[in-house]
Amino acid sequence: MSAARSLSRQYLDPGVVSRLGRLDLRARLVVEGFISGLHRSPFHGFSVEFIEHRPYMPGDPLKNVDWKVYGKRDRFYVKQYEDETNLRAHLVLDHSASMGFVSRPGAVSKLEYARSLAAALAYLMLHQQDAVGLLTFAETIERFVPARARRSHLEVLLRELDAVAPAGKTALPASLHHLAERIRRRGLVVLFSDLWAPPDEVLKGLAHFRHRRHEVLVFHILDPAERAFDFGEPATFVDQETGEEVALEPWEVRAAYQERLAAWGARYRDECRRAQIDYVTLDTDTPYDQALYRYLEKRRRLH
């Protein structure tokens, strides 16, 4: 593996990315690492440019001239982004207390994983001239940023993402209904959450978007220990949102826990499939490119 390729892969590793201080740097390096690996992957046919060229016409802004093409062909062409191919996307981030869970020292919390992924998606979308908005929530809706397509809008989105901290109970179903009522133009809704809320209510909220003819992509983010429940010693488990405590021997309940978790995940998967909602499970150690591939799959199908 070349040094450049090795470096690009590093920036898809949540553990490496989390050690980068600035969120704008994380977003840029994740996307650059992702793009540099596209041609080496099974997804090499994906385009992240969506550009068409046409001959320069008098009156066209000079900023749209593709100078690289001019250098090769000695003719002026302008980059043209087709309006009908652009998306309007809203990123929906759950930052309730449970999103702050970390199972081991030095690992990435669910919120930190979601924040970095959302920042990378915002960076990628805006560079494709898609309009991007943001909604953050815990017990109540904290911030709503309307969708804009200007690249300068990235600073606004990153500032809001940087400000969130895990706190409070989740108001996931209510937040989904609120956003479904608030956004008028059809678009793509991307949810980042651990989905620790009553599935009936969450699925109703997601169905509300489909009723309004929005496309939906759900990133279901869990800590690896939440899936494996591989705790070895007797422990007291504390609900981070309610404070409720339960003392138990993990080995005694592991099989039953895993069975219920599998049924819970299967319900989300099956109900989302029926509603034509893209549902993606991610652990906080999953490389970011797997999530970005799923976004590109979704975007390509929408065109």
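The salt bridge (Lys or Arg N to Asp or Glu O under 4.0 Å) test applied to R212 returns E181, not counting sequence neighbours. For the salt bridge (Lys or Arg N to Asp or Glu O under 4.0 Å) test, no residue two or more places apart in sequence or in another chain qualifies with R213. For D270, the side chain to side chain donor-acceptor pair (under 3.5 Å) partners two or more places apart in sequence, or in a different chain, are R273. Partners of A225 according to the side-chain contact (heavy atoms from CB on, under 4.5 Å) rule, which considers only residues two or more places apart in sequence or in another chain, are S103, D223, D230, F231. Residues forming a ring-ring contact (aromatic ring centres under 6.0 Å, His included) with H208 (at least two apart in sequence, or on another chain): H177. Under the side chain to side chain donor-acceptor pair (under 3.5 Å) criterion, R148 pairs with no residue, sequence neighbours left out. With sequence neighbours excluded, the residues that form a salt bridge (Lys or Arg N to Asp or Glu O under 4.0 Å) with R227 are D283. Applying the salt bridge (Lys or Arg N to Asp or Glu O under 4.0 Å) rule to R274 yields the partners E271; only residues at least two apart in sequence or on another chain are considered.
Applying the side-chain hydrogen bond (donor to acceptor under 3.5 Å, both in side chains) rule to pairs touching residues 255-264 yields nothing, sequence neighbours excluded. Among pairs with a residue in residues 105-124, those fulfilling ring-ring contact (aromatic ring centres under 6.0 Å, His included) read Y113-Y288, Y123-H127, at least two apart in sequence or across chains. Pairs passing the side-chain hydrogen bond (donor to acceptor under 3.5 Å, both in side chains) check and including a residue from residues 157-170, sequence neighbours excluded, read R143-E160. Pairs of residues two or more places apart, or lying in two chains, never qualify as salt bridge (charged side-chain N to carboxylate O under 4.0 Å, His left out) while including a residue from residues 88-108.
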